[in-house]
Amino acid sequence: MIELIFVIVILGILASVAIPRLAATREDAEISAAVANIRTLISDVSAYYTAKGEFGSAKWSEITNVPVKKDTNGGDTTATADAYLKVGDAKDCIKVQLVNRVTTTKAPAHIKFTEKTSPNGVCQQVLKSDPVKKAYLDSKVIYTDATNKQQKTVNNAIAIGSSTSVY
């Protein structure tokens, strides 16, 4: 009987160590998946824009398979409408906006990322992670406005299209 008590105590100690590590591993996987989804989204959008030259009336589902929340009803909207990247349980962690090239100002086509105002849980960890923060949320598109020759900056954006490369 004493041996059984010792076995139960040892199993309890092992469980108290293993369960928190398992939860941390799941969060790390969610962060990695979010980073991979963002990279895939940028690659898909860039390839589509390079092939077609504009987004026009294309729907998100025609451009990428990355899980994005398109509208409040769950339907598919045009790609120039805002969409939200799903991260873990948060369905609106990162807002994604696609912007066509503006020919009058020579502003390049770009994809703009906006973080959720009050994130929590895995979404908060994804937004704080270096790959997302430095590569996407702190990125800028800088161009010279053709109408007034002034340099313009679009924050939280990455240029897309045939003149850009995404790695």
Side-chain angles (χ1 to χ4, degrees), residues 27-119 121-167:
E27 289 175 357
D28 290 344
E30 290 283 354
I31 292 169
S32 296
V35 171
N37 281 342
I38 292 172
R39 287 182 181 149
T40 302
L41 180 68
I42 291 170
S43 178
D44 290 350
V45 167
S46 186
Y48 183 90
Y49 190 83
T50 300
K52 303 286 184 176
E54 67 175 356
F55 298 114
S57 61
K59 301 208 178 290
W60 278 101
S61 61
E62 297 170 6
I63 295 174
T64 187
N65 289 329
V66 172
V68 291
K69 178 182 171 191
K70 292 112 179 169
D71 67 14
T72 54
N73 299 325
D76 200 7
T77 61
T78 59
T80 52
D82 297 346
Y84 296 89
L85 188 65
K86 298 176 186 177
V87 175
D89 295 334
K91 292 182 174 31
D92 58 349
C93 186
I94 301 172
K95 181 165 85 171
V96 180
Q97 298 168 293
L98 300 181
V99 181
N100 278 308
R101 182 174 190 270
V102 180
T103 54
T104 55
T105 62
K106 302 292 187 213
H110 57 276
I111 184 168
K112 185 172 173 60
F113 299 99
T114 308
E115 59 187 282
K116 188 175 182 178
T117 52
S118 56
V122 177
C123 178
Q124 184 178 27
Q125 291 180 352
V126 166
L127 294 173
K128 287 182 177 180
S129 69
D130 281 344
V132 173
K133 187 78 174 154
K134 291 180 180 176
Y136 307 115
L137 296 176
D138 291 343
S139 59
K140 298 177 182 178
V141 173
I142 301 172
Y143 67 96
T144 302
D145 190 323
T147 56
N148 59 15
K149 307 295 184 215
Q150 291 182 343
Q151 194 172 43
K152 302 278 183 160
T153 302
V154 181
N155 292 319
N156 305 350
I158 294 178
I160 55 174
S162 58
S163 63
T164 61
S165 297
V166 178
Y167 298 99

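No experiment lies behind these values; they were computed from the predicted model shown.
With sequence neighbours excluded, no residue forms a salt bridge (Lys or Arg N to Asp or Glu O under 4.0 Å) with Lys112. In terms of the ring-ring contact (aromatic ring centres under 6.0 Å, His included) criterion, Tyr48 has no residue partners (sequence neighbours excluded).
No side-chain donor-acceptor contact under 3.5 Å links Ser43 to the backbone of Thr40. Between the side chain of Thr50 and the backbone N or O of Ser46 there is at least one donor-acceptor pair closer than 3.5 Å. With Ser129 contributing its side chain and Val126 its backbone, the two residues share a donor-acceptor pair below 3.5 Å.
The two atoms that bring Asn100 and Gly56 nearest to each other are ND2-N, 4.1 Å, heavy atoms only. Summarising the geometry of Val66 relative to Asn37, their closest heavy-atom pair is CG2-O, 3.6 Å, with the distance given to 0.1 Å. The shortest non-hydrogen separation linking Leu127 to Val132 is CA-CG1, 4.4 Å. Closest non-hydrogen pair, Glu54 versus Tyr49, comes out as CA-CE1, 3.5 Å. Closest heavy-atom contact between Leu85 and Ala34: CD2-O, 4.5 Å.
Once rounded to the nearest 0.5 Å, the distance linking OG1 of Thr114 with CG of Asp92 reads 12.0 Å. To the nearest 0.5 Å, the span separating CD on Glu30 from NZ on Lys86 amounts to 12.5 Å. Atom-to-atom distance recorded for Phe113:CZ and Lys133:NZ is 13.5 Å, nearest 0.5 angstrom. Rounding to the nearest 0.5 Å places CD1 of Ile63 at 9.0 Å from CG of Leu41.
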Start with the C-alpha distance between Tyr136 and Glu115, add both sets of side-chain angles, then the distance that settles side-chain contact (heavy atoms from CB on, under 4.5 Å), and finish with yes or no. CA-CA 10 Å; Tyr136 307 115; Glu115 59 187 282; over 6 Å; no

Apply side-chain contact (heavy atoms from CB on, under 4.5 Å) to Ile111 and Val96, showing your working. CA-CA 7 Å; Ile111 184 168; Val96 180; 3.6 Å; yes

Taking distance alone, no hydrogens or angles, what donor-acceptor pairs closer than 3.5 Å link side-chain atoms of residues 146-160 to residues at least two apart or in another chain?
{"unit_1": "Thr147", "atom_1": "OG1", "unit_2": "Asp145", "atom_2": "OD1", "d": "2.5"}
{"unit_1": "Asn148", "atom_1": "OD1", "unit_2": "Gln150", "atom_2": "N", "d": "3.1"}
{"unit_1": "Lys149", "atom_1": "NZ", "unit_2": "Ala146", "atom_2": "O", "d": "3.4"}

